[in-house]
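Below is one structure, written out as structure tokens; comments come after it.
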Amino acid sequence: MRIPHHLSRSETGRWSFVQRVPVDLHAVLDCRLIKRTLRTKDLAQAHVRAVVLGAGYARLFAQLKDQRVAKLSKTDADLLIDRLTSVENLRELTLNRTRATDGTVTEQWQIDSPKDLKLYRQLMELEAMAATLQQPAAAHRGPAREIWPQATHAAAAPPPAQAIETITLGKARDAFLATLKPSTLPKTYTIKKTAIEALVAFLGAKAKVHTITRSDLARWYQDMREKGASTPTLTNKQSYIGGKGGFFEWAMASGHYPRGDNPASGHVSYSQREKRARKKLGFKAYDREQIQALFAPEALAKLSESARWASLIGLYTGARASEVGQLLIKDVFEEDGIPCIRISDEGEHQKVKTEVSLRTVPLHPELLEMGFLTWVDGKRKAGETRLFPSAKATAVNGQGNWITKAFSRHLAEVGRGWEPAKRGFHSLRKTFIQELQGAGVVSELRAQIVGHELDDEHHSTYSRDFTAVEKLSGIGVHSPGLTSLVWDLR
């Protein structure tokens with residue numbers, strides 16, 4: 001029986017693939033003969049695998065010659081050869097492959113087991129290495145699928161557990177931004193657009209999203225750092241590309257990247273020294289003397305009525321400026337007989353920072369004594385729907401922008417001569433939290449009042465929501481609530 005070309009059988013009956021390296025590539029690959037086991041004793045199966053491998057090596061040799069590669073390192077050469085021997089198994093992943101009239105090829109991959117995921121990762125690494133050969137002098141890479149043997153279609157494939165549809169980074173950027181625009185503040189949209197544009201500029205608009213690796217992202221972050229980007233800038237970019245709601249989370253949800261490891265996350269973090277510096281440079285809380293000066297009746301009289309009540313809400317609830325600015329009349333209500341405000345995302349143009357930001361906060365007795373509910377009732381009777389109509393829902397910097405600016409002008413007037421520090425409306429939130437902490441309000445209760453997420457998984461998993469009564473009055477004798485905070489501004 002005539003043995004097919006490229007095949008060799010051992011004494012045990014197992015078949016191996018044998019390929020002679022062209023003479024002019026001996027020095028490049030540092031070998032003259034390639035021999036790899038096919039892990040089978042079946043001749044027909046060995047023949048199929050040998051044909052696939054033979055085609056793959058032919059394309060590899062042609063590419064090496066075309067690019068005039070002088071020398072591959074021993075590691076790269078071994079890796080290329082070793083990985084290529086498993087390429088024939090990648091045909092098991094192909095779910096669908098179509099070619100559009102403009103020549104664009106769209107592929108979907110079936111990934112429904114750890115083995116499939118391993119094979120998929122091998123393909124990504126092969127394409128990355130192929131791209132390196134195509135652009136040896138460039139730091140950016142794009143896929144070079146034509147070098148490698150194409151995987152054949154899987155026959156009668158079952159419904160996939162996860163299908164990957166290929167898309168270029170440029171098209172993915174456009175689709176990602178299109179999903180953001182309707183529900184994102186203009187300023188936030190611009191920041192996220194800048195981040196994804198930077199990634200596209202580095203990797204190239206034609207790079208395939210599913211081929212991007214953690215190493216690619218590591219090079220991107222390093223490139224930005226070498227060009228002078230600070231750690232805060234890098235962490236922001238990392239958040240927009242690899243964080244919650246970021247580009248790769250969208251890509252996974254859209255079927256353009258395999259679910260699992262987010263390649264853009266975990267690269268950049270603050271050192272202990274940077275954390276200490278950021279803490280010093282962050283918003284500084286007001287001391288009690290400064291609060292008395294800012295909220296003295298004669299000082300508050302210089303603010304507009306709306307700005308006055310917005311500032312008092314910030315002082316007595318610790319709410320963010322954006323949360324205050326978006327309040328609706330119906331967000332002031334009673335729960336268990338206690339007047340409260342609701343921080344919600346249910347109304348038009350209402351948004352919250354995180355899921356835990358959704359909360360109900362009892363109104364402090366001092367705020368009620370100042371006539372807050374009377375003011376709200378007046379707006380309700382006048383047919384108003386929003387508590388602060390001056391806080392425009394479409395403002396570039398969000399609905400808290402008007403409040404922040406009004407309070408900053410007030411601060412500049414009252415705080416002349418104060419020791420220089422970063423202060424503003426957000427300082428009210430920091431002051432509120434620190435005052436509750438000093439009064440002995442437990443961390444779980446504080447977190448639910450101000451909308452913070454505790455890092456401890458035990459609390460997030462097993463803790464219950466506190467009632468309005470508990471938030472206001474505390475839990476027992478040794479765990480006070482909101483009423484422990486006394487400003488006595490009357």
Side-chain angles (χ1 to χ4, degrees), residues 83 86-87 89-98 105-129 131 141-143 145 148 150-151 153-154 157-180 183-184 192 195-196 199-200 202-221 235 237-269 354-356 453 457 460-461:
R83 291 288 164 78
S86 64
V87 169
N89 294 323
L90 296 173
R91 61 189 172 84
E92 300 173 11
L93 294 180
T94 305
L95 174 64
N96 188 30
R97 186 172 189 269
T98 58
V105 175
T106 300
E107 292 180 338
Q108 288 185 310
W109 299 89
Q110 178 183 319
I111 301 176
D112 50 15
S113 72
K115 177 184 177 183
D116 290 347
L117 184 58
K118 181 179 180 180
L119 291 173
Y120 174 82
R121 296 293 187 192
Q122 288 177 352
L123 177 61
M124 297 307 100
E125 293 177 25
L126 285 168
E127 289 186 339
M129 295 186 74
R141 69 164 183 83
R145 186 177 295 278
W148 308 101
Q150 296 292 339
H153 290 240
Q162 182 183 1
I164 304 299
E165 182 175 344
T166 62
I167 187 174
T168 64
L169 185 55
K171 290 183 178 179
R173 167 203 58 203
D174 297 341
F176 171 62
L177 292 176
T179 64
L180 291 180
S183 59
T184 307
K192 291 187 176 183
I196 186 62
L199 179 63
V200 173
F202 183 79
L203 294 178
K206 294 184 178 180
K208 296 294 179 64
V209 172
H210 70 284
T211 70
I212 298 174
T213 65
R214 291 191 67 83
S215 296
D216 294 325
L217 272 300
R219 287 195 296 273
W220 180 49
Y221 292 125
T235 54
K237 290 284 194 301
Q238 180 173 253
S239 174
Y240 301 139
I241 300 300
K244 185 176 182 180
F247 174 73
F248 276 98
E249 188 174 272
W250 168 86
M252 291 180 192
S254 302
H256 302 309
Y257 200 86
R259 290 186 180 275
D261 178 48
N262 189 322
S265 66
H267 292 270
V268 185
S269 60
T354 62
E355 188 70 19
V356 295
E453 185 169 14
E457 185 179 353
S460 61
T461 303

(request) Report the distance from atom CZ of R173 to atom OG1 of T168, rounding to the nearest 0.5 Å. (result)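 Spacing of CZ (R173) from OG1 (T168) equals 8.0 Å.
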
(request) Drop me the distance from L203's CG to K208's NZ, to the nearest 0.5 angstrom. (result)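 Interatomic distance, L203 CG to K208 NZ, rounded to 0.5 Å: 14.0 Å.
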
I need the minimum non-hydrogen distance between [X] and [Y], along with the two atoms involved.
X    : Y    : value
F247 : V209 : CZ-CG2, 4.3 Å
Y257 : I212 : OH-O, 2.8 Å
H267 : Q238 : N-OE1, 2.7 Å
H256 : H210 : O-CB, 3.6 Å
F248 : A264 : CD1-CB, 3.7 Å
P263 : M252 : CD-CE, 4.4 Å

(request) Answer whether the closest heavy-atom distance between the side chains of W220 and L199 falls below 4.5 Å. (result)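 The answer is yes; the side chains approach within 4.5 Å.
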
(message) With a 4.5 Å cut-off on side-chain heavy atoms, are L169 and K206 touching?
(response)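 With C-beta onward as the side chain, the pair stays apart.
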
(message) Against T213, only a single residue in T211, L217, D216 fulfils side-chain contact (heavy atoms from CB on, under 4.5 Å); can you say which?
(response)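 That would be D216.
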
(request) Would you please name every residue forming a side-chain contact (heavy atoms from CB on, under 4.5 Å) with K192, sequence neighbours left out? (result)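 Only L180, T188, Y240 meet the side-chain contact (heavy atoms from CB on, under 4.5 Å) criterion with K192.
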
(request) Only counting residues at least two apart or in another chain, list the ones meeting side-chain contact (heavy atoms from CB on, under 4.5 Å) with E249. (result)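 Here the qualifying residues are K244.
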
